[in-house]
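By convention here, the first residue in the shown sequence is residue 1.
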Amino acid sequence: MGISIAVDQRPAGVNAMQAAASRPWPSNTRFKTKFAEKQAFDVQAFLDSASLGRKVHKFRAKETVFAQGDPAKNVLYIQEGGVKLAVVNEAGKEAVTAILGPGNFFGEGCLAGQPQRVSTAATITPSTILVFEKPEMIRLLHEEQVFSDQFIKHVLSSKVRIEEDLVDQLINLAEKRLARTLLLLARCGKQDKQEK
């Protein structure tokens with residue numbers, strides 16, 4: 001009975017290349033771990049918590065969050081409740097520019113270099129608001145892709161809403177504007193639905 005021994009006669013370089021080819025790129029496990037951590041970022045859990053650079057504040061109904069003319073140094077996120085944004089002219093005439101509910105950001109003008117608030121934010125109902133300091137918000141937008149995507153989605157939907165409001169103001173009769181405003185108030189705090 002003979003003993004057979006398999007001998008690989010290929011050069012050592014070919015064996016090394018084949019061994020390396022079986023590993024998925026990149027072979028750096030530290031990179032894979034960092035990539036997996038980036039994918040695991042939970043935006044909602046993040047927005048429901050507080051830490052360094054962001055604090056949770058509770059407001060009573062009809063309490064001022066910030067006033068027109070205040071320094072613009074933070075971005076706010078509504079966890080619970082509702083906020084009304086309004087502008088007052090020199091004659092004292094007030095115009096409501098937005099009614100916001102849970103899941104909305106506001107005060108984002110500071111990121112565009114706005115030195116002062118152009119409107120007054122007041123709560124409609126008792127509200128819980130997460131306050132991001134400007135440097136923390138900028139860091140998050142640069143480092144957390146999922147968070148950045150959600151914030152950009154908010155900014156774009158806000159732009160669309162403002163355009164719709166402007167068209168509504170310029171074209172529709174007072175009764176139709178009132179009906180639209182009541183519908184917007186009725187869905188405050190609910191998921192965005194397509195308006196019919």
Side-chain angles (χ1 to χ4, degrees), residues 23-59 63 65-66 70-85 97-166 183-196:
R23 286 182 283 168
W25 184 89
S27 61
N28 184 342
T29 55
R30 192 174 70 217
F31 174 80
K32 287 184 210 172
T33 306
K34 279 188 174 182
F35 184 73
E37 288 172 3
K38 289 284 184 193
Q39 295 297 330
F41 182 76
D42 184 355
V43 176
Q44 198 54 52
F46 178 78
L47 291 171
D48 290 339
S49 66
S51 77
L52 188 66
R54 61 186 196 280
K55 296 177 183 159
V56 175
H57 294 276
K58 295 194 180 286
F59 294 90
E63 189 174 349
V65 179
F66 59 74
D70 284 353
K73 55 186 177 184
N74 49 34
V75 178
L76 302 99
Y77 173 81
I78 304 170
Q79 291 178 336
E80 295 175 6
V83 171
K84 172 182 79 168
L85 299 179
T97 58
I99 303 287
L100 305 172
N104 287 127
F105 290 92
F106 64 103
E108 61 272 17
C110 70
L111 298 175
Q114 193 177 68
Q116 295 178 326
R117 302 290 188 192
V118 295
S119 62
T120 297
T123 56
I124 301 168
T125 60
S127 302
T128 304
I129 297 175
L130 182 63
V131 180
F132 292 90
E133 294 303 321
K134 183 179 174 181
E136 171 70 359
M137 189 68 172
I138 291 170
R139 184 193 68 76
L140 286 167
L141 291 172
H142 286 286
E143 293 179 7
E144 298 298 344
Q145 183 67 45
V146 181
F147 179 81
S148 182
D149 290 346
Q150 182 167 338
F151 184 75
I152 290 169
K153 180 182 173 186
H154 158 75
V155 169
L156 293 174
S157 64
S158 177
K159 179 190 178 305
V160 168
R161 181 190 49 77
I162 290 168
E163 285 178 354
E164 288 173 350
D165 290 347
L166 180 61
L183 285 171
L184 287 172
L185 284 171
R187 75 174 193 197
C188 183
K190 297 179 184 175
Q191 291 291 352
D192 285 342
K193 295 177 184 172
Q194 205 57 303
E195 188 177 326
K196 295 187 179 180

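- Every ring pair (Phe, Tyr, Trp, His ring centres under 6.0 Å) that H154 has, sequence neighbours left out, goes to F105.
- In this structure, CG in N104 is found 5.5 Å from CD1 in I78, a value given to the nearest 0.5 Å.
- Here F106 pairs with F66 under the ring pair (Phe, Tyr, Trp, His ring centres under 6.0 Å) rule; sequence neighbours left out.
- Proximity of L76 to V83: side-chain heavy atoms (C-beta onward) are nowhere separated by under 4.5 Å.
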L111 and L141: side chain to side chain contact (heavy atoms under 4.5 Å, CB included), yes or no, with the steps?
CA-CA 11 Å; L111 298 175; L141 291 172; 4.0 Å; yes
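- Expressed to the nearest 0.5 Å, how far NZ of K73 lies from CD of Q114 amounts to 14.5 Å.
- Using cut-offs of 30° and 60° on the angle between ring planes, the pair F151 and F147 is parallel.
- Looking at every heavy atom in both residues, N74 comes nearest to C110 through O-SG, 3.6 Å.
- Pairs engaging residues 118-130 under the side chain to side chain donor-acceptor pair (under 3.5 Å) rule: K58-T128 [sequence neighbours left out].
- The distance from atom NZ of K55 to atom CG of L130, rounded to the nearest 0.5 Å, is 11.5 Å.
- Remark: E136 engages R139 in a salt bridge, criterion side-chain N to carboxylate O under 4.0 Å.
- S148 contributes no side-chain N or O that, together with a main-chain N or O of E144, makes up a donor-acceptor pair within less than 3.5 Å.
- The shortest heavy-atom contact between R117 and G107 is NH1-O, 3.1 Å.
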